[in-house]
Every structure is written in C-alpha cells, then in structure tokens.
Q: 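Dumping the structure here so I can ask a few things about it.
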Amino acid sequence: MSYQKSSEVSANEYSRIWFNFWETGTTRWDMGDVSPALRELIQDKKWELPSGQGIVPGCGRGYDAMFLARPGLRMVGADLSQLAVDAASKIRDSMGIPAEMADFQVMDFFNFDIPTGQYQVAYDYTFFCAIHPSMRADWGQRYAQILSPGAHLIALMYPLTKAEEDMERGPPFLVSEDDYHRVLDANFELIHIDPKCQTHNTRVGEEIITVWRRK
C-alpha cells in the first residue's frame, strides 16, 4: 500500500499501513543487520555519544538499538508493531544482551510519556522517510521535545534517490538534506555530515549520515 506525497493521510490510517506490513511479512526495508553508516560512525570514526538513555523510533527488529546500547547508554527501541517488538526482543535475548541495556517497547513516537531527563541520543533511519511528508514538521518538533540540550540525533538520510515513476509515492518517501534542515534547524545544529558514508550494497548513493545536536 502506498500514498501520493500530496495526499491527506490520518495518523490512524498510517499506523494501519505499518501494522499490515508486519502482519503480512512485508518488511523489505529490513536489511538484516546494523546499518553500515552507523557502524562506521561509531566503530571506525569513534564518534562519542552522550551518556544516558537513547531511543530508536521505528526500530523494527532492533539491530541498531542493540548496536548502540552499552554501559552508560541504555537504548529503547520503539515500534508501533507488537510483532516487531517481539522479534527484536527475541534477537536481543539470543545475543545475550540484557534487557536493561536494550529495551523494546510498543510505542507511538508522537504520543508517549517522555522519561525523566529526556533522551540524550536518538537514531533515525528508515523512520523519517516512512512517515507521510505532512507529518515531518511534527517529527522535528517531537525530537526537540524528547531530546535534552546537548543530545545527539543521528539521522541517516534515506532514500535520496528514487525511480522517476515512484518519486511522489511512498513509503518510503523521497528525502533531501533540505527536508531535514527545514524541520530541525530551529532546535538543532548540524555537527556532522558524511555524503560518502558506507552503505548497504543496494543503497549506494541513496544515503547520507548526519549528526545533529540539540540546542
């Protein structure tokens, strides 16, 4: 199921799309591993993240949340689908990662109780492109609400290109660097951008990793 970029879509209707994807096993966005750009940023480039607690909205099977979890940084993987949360929890347990370090919860990113102290880290990959473009301003405002001053938002921009016949349809919806600046600049500062980041083989030229600091 897909929508035109110009169409009007209610939040409830959009949620049903993602429930349906998981219920039918249509999870083509799932590459089965940590995103290469994130691994490169943290492992190879030794990017230093703030301590505290972090969140990965639309976490799916949770690879990235588990990768980021470490002593001093407790990660929460959030997804609308109970199937996704169950799958992520099963993988976590099989890897011997404590639930206290990587917790997976059914959660609506736009409507949940913000924890005391807010979050200090967030990772956003196939989430910004998954929501309808009409929801992007709310996406930026929500990150401003849930992230504490100085917090880091790692945003892996994707997809930066699409087939011409799919340009106006999604999910995923086409994104650009300007789309992120438009909804983040009021409350965040861009502190890192790498247009030549490592990518999955099938996404070469479609991704740019960025880090934004909460003002």
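The analysis underlying the following values was restricted to heavy atoms, covering all of them including side chains, and did not include hydrogens, waters or symmetry mates.
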Q: Pairs under 3.5 angstrom only: tabulate donor-acceptor contacts from the side chains of residues 84-91 to other protein residues two or more places apart or in another chain.
A:
{"residue": "D86", "atom": "OD1", "partner": "Q82", "partner atom": "NE2", "Å": "2.8"}
{"residue": "S89", "atom": "OG", "partner": "V85", "partner atom": "O", "Å": "2.9"}

Q: Going by salt bridge (charged side-chain N to carboxylate O under 4.0 Å, His left out), name the residues that satisfy it together with R70, two or more places apart in sequence or in a different chain.
A: none

Q: Ring centres under 6.0 Å, that's the criterion: do Y143 and F188 meet it?
A: no

Q: Side-chain donor-acceptor pair under 3.5 Å between T202 and H200, yes or no?
A: no

Q: Does V183 offer a backbone N or O that forms a donor-acceptor pair with the side chain of R136 under 3.5 Å?
A: no

Q: If the condition is ring-ring contact (aromatic ring centres under 6.0 Å, His included), which residues does Y123 pass it with, not counting sequence neighbours?
A: none

Q: Answer yes or no for R142 and F112: cation-pi contact, defined as NZ/CZ to six-membered ring centre under 6.0 Å and angle to ring axis within 45°.
A: yes

Q: Side-chain donor-acceptor pairs under 3.5 Å in residues 146-160, sequence neighbours left out?
A:
{"residue": "S148", "atom": "OG", "partner": "Y119", "partner atom": "O", "Å": "3.4"}
{"residue": "S148", "atom": "OG", "partner": "Q120", "partner atom": "NE2", "Å": "3.2"}
{"residue": "H152", "atom": "ND1", "partner": "W47", "partner atom": "NE1", "Å": "3.2"}
{"residue": "Y158", "atom": "OH", "partner": "R203", "partner atom": "NE", "Å": "3.4"}

Q: What pairs of residues pass the side chain to side chain donor-acceptor pair (under 3.5 Å) test when at least one of them lies in residues 96-105, not counting sequence neighbours?
A: R74-D103, D103-Q105

Q: Mind checking the CG-CD1 spacing from L41 to I209? Nearest 0.5 Å is all I need.
A: 4.5 Å

Q: Quick one: which residue pairs count as a side chain to side chain donor-acceptor pair (under 3.5 Å) with a foot in residues 188-198, not counting sequence neighbours?
A: K45-D194, E189-R213

Q: Does any part of the side chain of D64, heavy atoms only, come nearer than 4.5 Å to the side chain of C59, both counted from C-beta?
A: no

